[in-house]
Amino acid sequence: MPLPLPRWIAHRGGGRLAPENTLAGIRVAARLGYRAVEFDVMLSGDGTPVLIHDETLERTTNGAGRVCDTPDSLLFSLDAGQGERIPRFAEAAALCRELGLLANVEIKPAAGHELATAAVVARQTADLWRGAAVLPLLSSFSLAALAVARDVAPEISRGVLFETPPRDWLAEVHRLRAISLHCDADLVRDEVLAEARAHDIPVLCYTVNAPEQAEMLFARGVSGLFTDRLDLLPVSSGAGCKGCRVFS
Ligand code: G3P
Ligand code: MG
């Protein structure tokens, strides 16, 4: 069944309106009318999948050191901003289901942990969304992780994530049996968009925070955008960015 991919996806939960990769961010996105959220998932020192972007704790929490070396007992005691905790993946999944949000789960393995992270996240994804009306979309910059996800949970859709799509991006999409291509908005080339259109593959670009850039990307054929500017949706309900007003 095709995924109902919206044109706008809230980046790292609530973009700039909440601490990144937190439950508060996911709630903000839903409240503002987003139908989809992206968040990053990594394994803790105890092998628990949690929402966090960096391999280290310093930037987004009051902790220090590597996420993959930190036990849950310490990890879940940290402040991830404004009193928010680092969420378990299971908590984020439950919240997305409750709020009716499509989740783009970015598998974000610490270096050297690609296969284990993908196996755990893919298996949990299948379990956590069992019976759901809208299934999530898994993505990763790690092609090795996506190959594991394909084998562990083939029923969960995958998107291939590149900064710049390489020449053989389409072969990778086919090899990984992915449904979408995700890439850096500043690096997407028209020939890639044309090839994607010819093969009916949606292209989703990160991270777009300016209405003019959004409008240009939609005009060039990009299907969806990740944004930190969650306010773009309501702000643009008047004049301005056509792409900001409507979900496809
Ligand atoms: O999944 C799109 C985007 O989140 C990829 O970049 O570094 O923000 O995870 P990053
Ligand atoms: Mg991400």
Side-chain angles (χ1 to χ4, degrees), residues 3 5-23 25-26 28-29 34-43 49-61 67-68 80-81 86-87 89 92-93 96 101-111 113-114 117-118 121-122 125 135-146 149 156-166 169 172-173 176 178-188 192 196 201-210 213-214 217-218 222-230 232:
L3 280 185
L5 282 178
R7 285 162 79 83
W8 288 92
I9 302 167
H11 187 228
R12 301 187 193 176
R16 292 180 190 160
L17 294 182
E20 71 178 49
N21 285 313
T22 62
L23 298 183
I26 294 172
V28 168
Y34 280 75
R35 290 196 208 150
V37 289
E38 183 263 4
F39 50 79
D40 308 293
V41 179
M42 192 179 295
L43 296 187
V50 299
L51 271 59
I52 195 158
H53 180 275
D54 297 3
E55 288 194 31
T56 51
L57 293 161
E58 281 84 347
R59 184 179 63 82
T60 57
T61 77
V67 176
C68 66
I86 295 174
F89 176 41
C96 287
L101 288 168
L102 184 147
N104 174 199
V105 179
E106 185 188 334
I107 304 170
K108 191 71 109 180
H113 296 255
E114 288 79 6
T117 307
V121 174
T125 301
L135 292 175
L137 174 63
L138 290 171
S139 63
S140 188
F141 285 108
S142 167
L143 301 183
L146 286 175
I156 305 294
S157 299
R158 289 163 301 285
V160 182
L161 191 42
F162 294 110
E163 283 182 21
T164 305
W169 72 269
E172 290 296 343
V173 164
L176 295 162
I179 63 149
S180 54
L181 170 67
H182 307 192
C183 63
D184 188 320
D186 294 325
L187 301 174
V188 64
V192 168
I201 295 168
V203 178
L204 310 181
C205 288
Y206 66 89
T207 306
V208 177
N209 297 324
Q213 188 188 15
L217 287 161
F218 286 133
V222 169
S223 302
L225 303 176
F226 299 91
T227 188
D228 295 316
R229 285 276 314 275
L230 269 61
L232 282 183

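Read the numbers this way: they start at 1 and go in the same order the structure lists the ligands and their atoms. The figures that follow rest on heavy atoms only: side chains count, while hydrogens, waters and symmetry mates do not. Start at 1 with the first residue, then count along the sequence.
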- Of all the heavy-atom pairs spanning H53 and E20, show the shortest one and how long it is.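 Answer, listing the atom of H53 first, then E20: CB-OE2, 3.4 Å.
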
Any heavy-atom pair between the side chains of [Y] and [X] that's under 4.5 Å?
X: T164; Y: V192; answer: no
X: P109; Y: L43; answer: no
X: N21; Y: T60; answer: no
X: E106; Y: F141; answer: yes
X: Y206; Y: E163; answer: yes

Sorted by chain and number, sequence neighbours left out, side chain to side chain donor-acceptor pair (under 3.5 Å) with D184 holds for none

What protein N/O/S atoms sit under 2.8 Å from the Mg ion (ligand 2), by chain and number?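 N, O, S partners closer than 2.8 Å: E38 OE2, D40 OD1, E106 OE1.
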
May I have every N or O pair linking ligand 1 to the protein at under 3.5 Å, one per line with atom names and distance?
{"from": "ligand 1", "atom 1": "1 (O)", "to": "E38", "atom 2": "OE2", "distance (Å)": "3.0"}
{"from": "ligand 1", "atom 1": "1 (O)", "to": "E106", "atom 2": "OE1", "distance (Å)": "3.0"}
{"from": "ligand 1", "atom 1": "4 (O)", "to": "H11", "atom 2": "NE2", "distance (Å)": "2.8"}
{"from": "ligand 1", "atom 1": "4 (O)", "to": "E38", "atom 2": "OE2", "distance (Å)": "2.6"}
{"from": "ligand 1", "atom 1": "4 (O)", "to": "E106", "atom 2": "OE1", "distance (Å)": "3.2"}
{"from": "ligand 1", "atom 1": "7 (O)", "to": "H53", "atom 2": "NE2", "distance (Å)": "2.7"}
{"from": "ligand 1", "atom 1": "7 (O)", "to": "K108", "atom 2": "NZ", "distance (Å)": "3.4"}
{"from": "ligand 1", "atom 1": "8 (O)", "to": "H11", "atom 2": "NE2", "distance (Å)": "2.8"}
{"from": "ligand 1", "atom 1": "8 (O)", "to": "R12", "atom 2": "NE", "distance (Å)": "3.3"}
{"from": "ligand 1", "atom 1": "8 (O)", "to": "R12", "atom 2": "NH2", "distance (Å)": "2.9"}
{"from": "ligand 1", "atom 1": "9 (O)", "to": "D40", "atom 2": "OD1", "distance (Å)": "3.2"}
{"from": "ligand 1", "atom 1": "9 (O)", "to": "H53", "atom 2": "NE2", "distance (Å)": "3.4"}
{"from": "ligand 1", "atom 1": "9 (O)", "to": "E106", "atom 2": "OE1", "distance (Å)": "2.9"}
{"from": "ligand 1", "atom 1": "9 (O)", "to": "K108", "atom 2": "NZ", "distance (Å)": "2.8"}

Sorted by chain and number, sequence neighbours left out, ring pair (Phe, Tyr, Trp, His ring centres under 6.0 Å) with F162 holds for none

Subject >> Donor-acceptor pair, side chain of R158 and main chain of L176, under 3.5 angstrom >> reply: yes

